[in-house]
J.: 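Please read through the structure below; I'll follow up with questions.
Predicted model only: the values in this text are computed from it and were never measured. For the single chain, residues carry numbers from 1 onward in sequence order. Remember, it's 1-based here, ligands and their atoms both numbered in the order they're listed.
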Amino acid sequence: MSDPRPLIIVTRRVPEPVGRALAESFDVRLNPDNHRFSPPEMRRALSEADGMMCTLFDPLGPDVLLPGPHRCRILANFGVGVDHVSLPAARAAGLLVTNTPGVLTDCTADLTIALILMTLRGLGSGERRLRAGQWTGWTPTDQLGRRVTGRTLGIVGFGRIGRAVAHRATRGFGMPVLAWSRTRPEQELLEGFGVTWCDTLDRLLAESDVVSLHVPGSAETANLMDAERLTRMKPGSVLINTARGSLVDEDALVRSLDTGHLGGAGLDVFVNEPNLSPALRAREDVVVLPHLGSATFETRVAMGMKAVENLRSFFRGEALPDPV
Ligand code: DGY
């Protein structure tokens with residue numbers, strides 16, 4: 001008799017092709033009702049499965065990843081960000097972690113551009129007004145937003161997604177683009193993207209009409225945009241965040257909007273997802289979306305397939321394509 005196939009527990013409902021691909025190689029326990037695992041359920045899953053496919057909505061801290069050997073040996077994250085996983089706890093529990101870089105770059109960059117357009121042009125409030133029957137017709141002075149073309153975009157974090165946003169902004173909208181990251185890329189690469197490098201984040205903040213965040217969530221980037229940094233942004237400028245809610249001090253953001261220093265914000269991610277703070281909810285100058293960056297069928301299938309490939313490689317004893 002051949003060895004039993006590894007058991008993979010999948011913490012949330014996945015697109016059907018991903019479930020099928022998993023079933024070709026593994027015994028699979030899906031989550032057909034799509035409920036969120038409680039910590040006890042997660043601990044049980046770790047003791048029953050050989051591998052797990054998890055998502056950014058599964059907090060995997062030291063309370064769940066208990067030290068010592070588990071049956072589970074790999075967490076294949078369905079997503080690129082792993083700020084929900086305590087990597088030291090995973091290591092102590094003998095678990096490898098993988099993610100899904102690359103395949104969500106274009107969709108996240110597209111959504112970033114959508115948020116820039118929505119925020120500067122007031123598209124959300126315009127749509128709400130129309131649906132509410134409050135539109136009284138075209139006039140020269142009604143519902144005026146701000147021009148996008150030609151405004152300076154500052155990209156914080158010049159990795160895959162930051163670069164894809166720069167490409168769209170320079171080519172599509174004639175936006176001068178500034179960029180800042182922890183490490184400076186080669187000049188040739190910056191020139192290829194038509195981007196001007198800023199040696200400091202403060203300089204980028206002071207010179208950009210739109211600041212867009214593209215750094216991962218981590219202890220190092222928590223509250224990157226705190227009250228002080230928000231103050232350094234150009235008066236009337238807008239903040240766009242499609243990365244992680246933890247990068248922005250939401251209370252400080254609301255205060256900055258209240259004083260009129262910032263001219264708006266476009267947010268796809270929040271500190272306390274899925275909850276939206278009442279102060280943000282109430283604002284007409286803030287566009288909010290429910291973490292839709294990677295939310296297309298094609299991209300979610302590609303993300304799932306990457307997670308499947310990582311699981312397959314692990315159980316075949318091969319090098320992991322996307323180790324974290
Ligand atoms: C990720 O993969 O981390 C994204 O936030 C999902 O949209």
J.: Tell me if the CD atom of Gln187 is crowded by more than 12 foreign heavy atoms within 6.0 Å.
T.: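 Yes.
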J.: Side chain, backbone, both or neither: which part of Thr108 has a heavy atom under 4.0 Å from ligand 1?
T.: neither
J.: Side chains of Thr299 and Ser294: any donor to acceptor distance under 3.5 Å?
T.: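 There is no such pair (donor and acceptor under 3.5 Å, judged by atom type) between the side chains of Ser294 and Thr299.
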J.: Identify the closest protein heavy atom to atom 3 (O) of ligand 1: which residue and atom is it, and at what distance?
T.: Arg244 NH2, 2.7 Å
J.: For the residue pair Ser25 and Arg312, confirm or rule out a side-chain donor-acceptor distance under 3.5 Å.
T.: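 Note: Ser25 and Arg312 side chains meet the donor-acceptor criterion.
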J.: If we ignore hydrogens and angles and just use 3.5 Å, is the side chain of His70 paired with the main-chain N or O of Gly94 as donor and acceptor?
T.: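 Between the backbone of Gly94 and the side chain of His70 there is no qualifying donor-acceptor contact (under 3.5 Å).
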J.: Quick one: which ligand 1 atoms are inside 4.0 Å of a heavy atom on Leu104?
T.: 2 (O)
J.: Which of the atoms in ligand 1, numbered in the order shown and given with their element, are less than 4.0 Å from a heavy-atom of Gly81?
T.: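 Every atom of ligand 1 under 4.0 Å from some heavy atom of Gly81: 1 (C), 2 (O), 3 (O).
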J.: Indicate, with yes or no, if Leu267 and Val287 share a hydrophobic cluster defined by side-chain heavy-atom contacts under 4.5 Å among Ile, Leu, Val, Met, Phe, Trp and Tyr.
T.: no
J.: In terms of residue, atom name and distance, what is the protein heavy atom nearest to atom 7 (O) of ligand 1?
T.: Ser294 OG, 2.7 Å
J.: What residue and atom, counting heavy atoms only, is the protein's closest point to atom 1 (C) of ligand 1, and at what distance?
T.: Val80 N, 3.5 Å
J.: Report the part of Leu56 (side chain from C-beta onward, or backbone N, CA, C, O) that has a heavy atom under 4.0 Å from ligand 1; answer both or neither where that applies.
T.: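 Looking at Leu56 and ligand 1, just side chain atoms fall under 4.0 Å.
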J.: Is there a path of hydrophobic side-chain contacts, each under 4.5 Å between heavy atoms of I, L, V, M, F, W or Y residues, that connects Leu292 with Leu239?
T.: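 No, because Leu292 and Leu239 fall into different hydrophobic clusters, even though each may have its own neighbours under 4.5 Å.
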J.: What I want to know is whether His291 and ligand 1 share at least one N or O pair that is separated by under 3.5 angstrom.
T.: yes
J.: May I ask whether Val195 and Ile113 are part of the same hydrophobic cluster, defined by side-chain heavy atoms of I, L, V, M, F, W, Y residues being less than 4.5 angstrom apart, directly or through others?
T.: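 Yes, one cluster joins them.
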J.: Pairs of nitrogen or oxygen atoms closer than 3.5 Å, one from Met303 and one from ligand 1: do any exist?
T.: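 In fact, backbone or side chain, Met303 has no N or O that close.
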J.: For Gly79, counting its heavy atoms only, list the atoms of ligand 1 lying under 4.0 Å from any of them.
T.: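 Listed by number with element, the hits are 2 (O).
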